[in-house]
Visitor: 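Quick one: structure below, then a few questions.
Throughout, protein chains are lettered first and strands after them, A, B, ... in sequence-line order, and every chain is numbered starting at 1.
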Amino acid sequence: MHSDFLKPYDHLQEKDVYSSWEKSGYFSPEKLQTLKSKSPKKPSSIGNWKLEIDNFCIVMPPANANGSLHVGHAVMVAVEDLMVRYWRMRGKKTLWLPGADHAGFETQVVFEKKLEKEGTSRFEILQKEHGRQELYKRIWDFTQENKSHMEHQVRQLGASCDWTRETFTLDPAVVSTVYDTFKKLYDDGLVYRATRIVNWCTKHQTSLSDLEVAWEQRTDKLYLVQYKRADGHGHITVATTRPETIPGDVAIAVHPDDKRFASWVGMQVINPITGNAMPVIADKAVDKDFGTGALKITPAHDPVDFEVGQRHKLEAIKTIDFNGRFNMLAGPFAGMKVAEAREEAVKILEKNGALERMEEYTHQVGVCYKCKNTIEPMILPQWFIDLTSPAAKKKIVQPAINAVKKGTIKIFPAFQEKIFFHWMNNIRDWNISRQIVWGIPIPAWFRKTKAGIISNDQFPISNKDAKEEVYIGKEKPKGDGWIQETDVFDTWFSSGQWPFATLLAQDAAHSKFETQNSKLKRSDFKEFYPTSVMETGYDILFFWVARMIMLGLYRTGTVPFKTVYLHGLVRDKDKQKMSKSKGNVVDPLGVVEQYGADALRMALIVGNSAGQDVAYDEDKVRGYRNFSNKLWNIARFVISHAEKERDVEKVTLTPEDKKLLLQCAVVKKKVAVNIEKYRFSQAAEEAYHYVWHTFADKIIESKKEILNKEAPSITDVKKQVSARRALYELLVQSISMLHPFMPFVTEGIYQRLPAKDKDFLMIEEW
RNA sequence: GGACGCUUAGCUCAGCUGGUUAGAGCGCUUCGUUUACACCGAAGAGGUCAUAGGUUCGAAUCCUAUAGCGUCCACCA
């Protein structure tokens, strides 16, 4: 027996196994294919069923290069690797393409926290000369460090992905693809730049998309404020939660059908803080039944008011600056922060006798999903992807909906399709501008053609007469006066193109190489697009999956993947969400050190069905660690007996032993079917149960008597030989069917089999 | 205000298109074992499948309500 076939099983061998896999080159599809064509394998004992497609491709969700892996990544690796390994063993040309995401805003947030700890800030660096470049460079180095750390971690989890194809969202080829998409959208009139009210985070000083706004329930005050009529006859009362924005009021709106206020429309009222006169207008956005039925209009600081303002051509008076501080236009509140100004507003209103009363009021407040600071709606010129015009519906939105409706893309679990449809049917324009440095710069240039200031300024609305020329392109256009856009893309705009961007990036890299060696022609895009499966967490269905479907169809005319598998989120033992602040975060690599990647992977797969959250339990991991050891000892036993039989290949099996092989084949087929139907938990349990409770507990136990028989008769010897052969075959089948789930221990056993012409279990026939 | 998911053994969960005594892991109880494995083996206890109706020859499984838990979406100031 192998000298290192020791007990108990030592999962520390995992590292050596991984590096031998990687060295073999079998993670790359072409090496695999060469091998298969050289020595076509004989049909396996369970019979081959025909493959409907001959390649299999997963593009790995690129991990954010701003920290280390968490258990969610471990689930992702476990599930994807199991599919990839299964299909590779089934003989498909298999590609699993790894990557990393620069993760724009998220990464900058993490980096800014780091800066805070160092006693500085992003804004301090930006004030320096070339501050922007310096900050970018520092974040770049930070992500590169994280990236290599994460690659190491993904290896430890056993991912059989092709590292030679690893792609980063900031690789030049990816950026180039992203620019092409932007240009195409622009040329098709589906991207526009407009001054709109956007979600502004005053801490991070960037706008956010609607998806990046979290909602918190808060109990505040509802202030009922009186606006006197300019002619001195009576007043109209409005309800507001934000009296501090009154200096920015430009009108009072009532519902057009509201009889109570019919006579008021067109009259002037007096702003109770500034004393300015403003009109009463009628607009259907007003809810007659809420508050007093009259709404104050502050176009610069409220999304509804902004729309009303646009409809009625009202001025937007911007009284709050990017820091969330009131400016000169805010009169008495100038220099104050929101909370302070609110108190001051109450004082002033009370003094003026304009505050009718206050009520307790519970409502939802939008906050930055990262720092939880209240979102300050802010007017800014931003780039948007049009998803609401008829043209956009036809060219972008509807094709995506249809693909899922028709089943060109299947989503597991199926109920997520409903959620997808609902979101798609109510989709809004997508703000893709971010006022941060970490990201792909928006390739736009401006030049003013008339008096006025560039609209990337504090008071865009009041300068709406300024005419400017816009140029979209990678390089600065010819001519004088061009100023480059400073905003960068929302990170999801680039990752939304990930399936085709990564495959095209391979082609770009390869075509350079090809000129030197024309034999190596290949096109990953042609060969692997659309990809087979997109596997990720259901929490990014809108952020990522929906965008990939839309942009994939838009750019390539083809869906980016045929199947979406959404795994559940890992929670702690008590089903609580894992978070650093709760201190219940599980470090997957710590678990790997202690119990082995195989054990962790099994624990994350069994009991985890699509879309349903899983509770992480260390006892469960320990249980599968025990299983690794069990399997190892099965192998020790079987191999020690098989070695007595030098000639295991040429043996006639007894009818009973033939039956055992058949029974195993049935189980293996069930496992296969479950994998193909995305019922991974069942597949894993099936294999586990067979190996432990049938193979080990029943079959091996029943063979011990005959195997240990002293002075066997001739028939006994025949039985012994048959038993050794059968057990050996069952062991081979067992490690093969467990390999997608527990790659390390199974490969470790395979390498110790007393067989000739071994290569790797990883590429053995399933 | 909408929508979705969950509710099955002490705990965590399977149970696909409805069909014999409802399953697994962990835990628990009892017993066993120096020769594949104590990271083990054998035996066992434990469930009115959330509640109430309905469809059916037959329902944990389909339908309708209700309750509890959870999640997502939504511009009522």
Side-chain angles (χ1 to χ4, degrees), chain A residues 1 5 7-11 197 199 210-211 213 215 222-225 238-243 245 253 285-298 302-308 361 363-364 366 377 413 415-423 425-428 538-539 541-542 568-569 571 573-577 595-596 599 602-603 606-609 611-641 673-674 677-679 681-682 684-686 688-689 692-693 696-697 700-701 704 707-708 727 731:
Chain A
M1 197 186 304
F5 222 141
K7 69 165 186 179
Y9 171 63
D10 180 5
H11 62 263
I197 194 151
N199 309 301
D210 294 331
L211 278 178
V213 176
W215 295 88
L222 188 63
Y223 304 86
L224 286 100
V225 181
V238 305
T240 180
T241 51
R242 302 201 62 183
T245 64
V286 182
D287 182 349
K288 284 191 283 188
D289 302 321
F290 183 87
T292 61
L295 174 64
K296 75 184 196 67
I297 301 299
T298 321
D302 183 277
V304 176
D305 296 7
F306 179 77
E307 281 172 28
V308 173
Y361 182 56
H363 62 153
Q364 301 275 94
F415 73 79
Q416 291 282 354
E417 290 185 359
K418 286 187 234 175
I419 298 172
F420 171 81
F421 289 137
H422 181 260
W423 190 73
N425 286 324
N426 295 288
I427 200 162
R428 297 198 279 158
Y538 65 79
D539 54 332
L541 177 64
F542 307 143
L569 275 28
R571 310 195 157 238
K573 210 179 165 181
D574 306 311
K575 300 231 75 177
Q576 294 294 303
K577 221 174 190 168
Y595 299 107
M602 275 298 271
V606 175
N608 185 353
S609 56
Q612 229 54 58
D613 292 350
V614 237
Y616 173 84
D617 183 359
E618 195 175 323
D619 285 343
K620 203 168 159 190
V621 182
R622 200 174 292 123
Y624 291 109
R625 187 274 317 266
N626 294 352
F627 180 55
S628 305
N629 184 51
K630 184 76 186 179
L631 185 59
W632 185 255
N633 280 294
I634 290 170
R636 281 168 19 101
F637 178 83
V638 172
I639 291 172
S640 71
H641 282 279
V673 168
N674 278 324
K677 292 196 170 173
Y678 302 93
R679 298 197 293 243
S681 174
Q682 259 171 286
E685 254 190 88
E686 199 99 49
Y688 170 94
H689 195 260
W692 196 323
H693 300 297
D697 291 348
I700 290 181
E701 289 306 319
K704 276 183 178 170
L707 288 177
N708 295 333
L727 290 181
L731 173 67

Visitor: When you check the phosphate oxygens OP1 and OP2 of B/rG41, does a side-chain N or O of A/W692 lie under 4.0 Å from one of them?
Guide: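 A/W692 to B/rG41 OP1/OP2: side-chain N or O found under 4.0 Å.
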
Visitor: Give me the atom names and distance for the closest heavy-atom approach of A/R571 to A/K577.
Guide: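 For A/R571 and A/K577, the tightest heavy-atom pair comes out as NH1-N, 3.7 Å.
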
Visitor: For the pair A/L569 and A/D539, evaluate side-chain contact (heavy atoms from CB on, under 4.5 Å) and give the outcome as yes or no after the intermediate values.
Guide: CA-CA 8 Å; A/L569 275 28; A/D539 54 332; 3.8 Å; yes

Visitor: Start with the C-alpha distance between A/Y595 and A/Y624, add both sets of side-chain angles, then the distance that settles ring pair (Phe, Tyr, Trp, His ring centres under 6.0 Å), and finish with yes or no.
Guide: CA-CA 9 Å; A/Y595 299 107; A/Y624 291 109; over 10 Å; no

Visitor: Show your reasoning for whether side-chain contact (heavy atoms from CB on, under 4.5 Å) applies to A/T240 and A/T298.
Guide: CA-CA 11 Å; A/T240 180; A/T298 321; over 6 Å; no

Visitor: Taking a pair as Watson-Crick or G-U wobble with both distances under 3.5 Å, which nucleotide is matched to B/rG10?
Guide: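 Pair assignment: B/rG10 / B/rC26.
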
Visitor: For B/rU48 and B/rA9, measure between their P atoms and round to the nearest Å.
Guide: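 To the nearest whole Å, 8 Å.
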
Visitor: Work out which heavy atom in A/P303 is nearest to a heavy atom in A/I197; give both atom names and the distance.
Guide: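 That closest heavy-atom pairing would be CA-CG2, 3.7 Å.
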
Visitor: Report which part of the nucleic acid A/F542 touches: base, sugar-phosphate, or nothing (heavy-atom distance under 4.0 Å, all strands).
Guide: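 Sugar-phosphate contact only - A/F542 comes under 4.0 Å of backbone atoms but never of a base.
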
Visitor: I'd like the C1' distance from B/rC69 over to B/rU55, given in whole Å.
Guide: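 Between the two C1' atoms, the distance is 29 Å.
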
Visitor: Please tabulate the protein-to-nucleotide N/O contacts below 3.5 Å involving nucleotides 5-7 of chain B, giving atom names and distances.
Guide:
unit_1	atom_1	unit_2	atom_2	d
B/rG5	O2'	A/Q612	NE2	2.7

Visitor: From CZ of A/F627 over to P of B/rC26, roughly how many Å is that when rounded to an integer?
Guide: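 It is 11 Å, rounded to the nearest whole Å.
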
Visitor: What interatomic distance, in whole Å, is found between C1' of B/rC11 and the corresponding atom of B/rU30?
Guide: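 Going atom to atom, C1' in each nucleotide, I get 22 Å.
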
Visitor: Is any side-chain N or O of A/N629 closer than 4.0 Å to OP1 or OP2 of B/rC40?
Guide: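 No, A/N629 has no side-chain N/O under 4.0 Å of OP1/OP2 on B/rC40.
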
Visitor: Considering every strand shown, what is the Watson-Crick or G-U wobble mate of B/rA3 when both distances are under 3.5 Å?
Guide: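 With both distances under 3.5 Å, B/rA3 matches B/rU71.
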
Visitor: Can you name the nearest heavy-atom pair linking A/I419 to A/L541, along with the distance?
Guide: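 In terms of heavy atoms, the two residues are closest at CG2-CD2, 4.2 Å.
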
Visitor: Using whole Å, what does the distance between atom C1' of nucleotide B/rC13 and atom CE of A/M602 come to?
Guide: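 Distance check: A/M602 CE to B/rC13 C1' gives 14 Å.
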
Visitor: Using the P atom as the point on both nucleotides, what is the distance between B/rG53 and B/rA60, in whole Å?
Guide: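 Going atom to atom, P in each nucleotide, I get 15 Å.
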
Visitor: Could you check how far OH of A/Y9 sits from C1' of B/rC40, rounded to whole Å?
Guide: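 Answer to the nearest Å: 19 Å.
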
Visitor: Of all the nucleotides listed (B/rA36, B/rC13, B/rC73), which has the minimum atom distance to the side chain of A/A615?
Guide: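 Among the listed nucleotides, the one closest to the side chain of A/A615 is B/rC13.
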
Visitor: Looking across every strand, which nucleic acid part, if any, lies under 4.0 Å from A/A696 by heavy atom: base, sugar-phosphate, or nothing?
Guide: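 Base, at least one base heavy atom under 4.0 Å.
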
Visitor: Looking only at heavy atoms, what is the nearest atom pair of A/N608 and A/G568, with distance?
Guide: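 That would be OD1-N, 3.8 Å.
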
Visitor: Please enumerate all protein N or O atoms sitting under 3.5 Å from an N or O of nucleotides 15-25 of chain B, with distances to 0.1 Å.
Guide:
unit_1	atom_1	unit_2	atom_2	d
B/rC16	O2	A/R679	NH2	3.2
B/rA24	O2'	A/E685	OE1	3.3
B/rG25	OP1	A/H693	NE2	3.2

Visitor: What is the ring orientation for A/W692 with A/F627, classed by angle as parallel under 30°, tilted 30 to 60°, or perpendicular over 60°?
Guide: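 Because their plane-to-plane angle is under 30°, the rings of A/W692 and A/F627 count as parallel.
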
Visitor: If pairing requires Watson-Crick or G-U wobble contacts with both distances under 3.5 Å, which nucleotide is the partner of B/rA65?
Guide: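 For B/rA65, the partner nucleotide comes out as B/rU51, under the 3.5 Å rule.
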
Visitor: Enumerate the protein-to-nucleotides 74-77 of chain B contacts in which both atoms are nitrogen or oxygen and the separation is below 3.5 Å.
Guide:
unit_1	atom_1	unit_2	atom_2	d
B/rA74	N6	A/Q364	NE2	2.8
B/rC75	OP1	A/R428	NH1	3.3
B/rC75	OP1	A/R428	NH2	3.1
B/rC75	OP2	A/R428	NH2	3.2
B/rC76	O2	A/D287	OD2	2.1
B/rC76	N3	A/D287	OD2	3.1
B/rA77	OP2	A/Y361	OH	2.3
B/rA77	O3'	A/T241	OG1	3.4
B/rA77	O2'	A/A239	O	3.2
B/rA77	N6	A/D287	O	2.7
B/rA77	N6	A/F290	O	2.8
B/rA77	N1	A/D287	N	3.1

Visitor: Rounded off to whole Å, could you give me the CD-to-C1' distance for the A/E417 and B/rC4 pair?
Guide: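 Interatomic distance, CD of A/E417 to C1' of B/rC4: 14 Å.
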
Visitor: Give none if B/rG41 has no partner; otherwise give the nucleotide forming a Watson-Crick or G-U wobble pair with it, both distances under 3.5 Å.
Guide: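 B/rC31 is the nucleotide pairing with B/rG41.
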
Visitor: With P as the reference atom in both, quote the distance from B/rA42 to B/rC49 in angstrom, rounded to an integer.
Guide: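 Comparing P positions in B/rA42 and B/rC49 gives a spacing of 31 Å.
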
Visitor: For A/N426 and B/rG1, what is the distance between atoms CG and P respectively, to the nearest whole Å?
Guide: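 After rounding, the reported distance stands at 19 Å.
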
Visitor: With sugar-phosphate meaning primed atoms plus P, OP1 and OP2, does A/D697 contact a base, only sugar-phosphate, or nothing at under 4.0 Å between heavy atoms?
Guide: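 Contact class for A/D697: sugar-phosphate only.
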
Visitor: Remember a base hit wins even if backbone is also touched, and classify A/I634 as base, sugar-phosphate or nothing at under 4.0 Å, heavy atoms.
Guide: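 Here A/I634 touches the bases of the nucleic acid.
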
Visitor: Partner lookup for B/rG18, please. Criteria are Watson-Crick or G-U wobble with both distances under 3.5 angstrom; report none if nothing qualifies.
Guide: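 By the stated definition (distances under 3.5 Å), nothing pairs with B/rG18.
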
Visitor: Which atoms form the tightest heavy-atom contact between A/V308 and A/A285, and what is the distance?
Guide: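 Shortest heavy-atom separation between A/V308 and A/A285 comes out as CG2-CB, 4.0 Å.
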
Visitor: Hey, does A/K296 have a side-chain heavy atom less than 4.5 Å from the side chain of A/D302?
Guide: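 They are not in side-chain contact.
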
Visitor: Nearest whole Å is fine: how far is B/rU35 C1' from A/E701 CD?
Guide: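 To the nearest whole Å, that distance equals 13 Å.
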
Visitor: How many Å lie between CD on A/E618 and P on B/rG27, as a whole number?
Guide: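 So the CD-P distance, A/E618 to B/rG27, works out to 13 Å.
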
Visitor: Should A/W632 and A/H11 count as side-chain neighbours, where that means a heavy-atom distance under 4.5 Å?
Guide: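 The answer is no, as the side chains (C-beta and beyond) never meet within the 4.5 Å cut-off.
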
Visitor: On a whole-Å scale, what distance lies between the P atoms belonging to B/rA45 and B/rU34?
Guide: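 B/rA45 and B/rU34 have their P atoms separated by 28 Å.
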
Visitor: For atom P, what is the distance between B/rG19 and B/rC62, given to the nearest Å?
Guide: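 One P to the other, the span is 11 Å.
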
Visitor: If we take the P atom in both B/rU64 and B/rG18, what is their distance in whole Å?
Guide: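 Taking atom P in both B/rU64 and B/rG18, they lie 16 Å apart.
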
Visitor: Does the side chain of A/T241 come within less than 4.5 Å of A/H363's, by heavy atoms?
Guide: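 Yes, at least one pair of side-chain atoms sits under 4.5 Å.
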
Visitor: To the nearest angstrom, how far is A/F420 atom CZ from B/rC73 atom C1'?
Guide: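 The distance from CZ of A/F420 to C1' of B/rC73 comes to 15 Å, rounded to the nearest Å.
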
Visitor: Between A/G607 and A/R622, just flag the one whose closest nucleotide in RNA chain B comes earlier from the 5' side.
Guide: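 Whichever sits nearer the 5' end wins; that is A/G607.
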
Visitor: Please evaluate residues A/L211 and A/R428 with respect to the criterion side-chain contact (heavy atoms from CB on, under 4.5 Å), reporting the C-alpha separation (whole Å), side-chain torsions for both, the decisive distance (0.1 Å), and the verdict.
Guide: CA-CA 10 Å; A/L211 278 178; A/R428 297 198 279 158; over 6 Å; no

Visitor: Measure the acute angle between the ring planes of A/H693 and A/Y688, then classify it against the limits of 30° and 60° as parallel, tilted or perpendicular.
Guide: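 If you compare the ring of A/H693 with that of A/Y688, the planes turn out perpendicular.
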
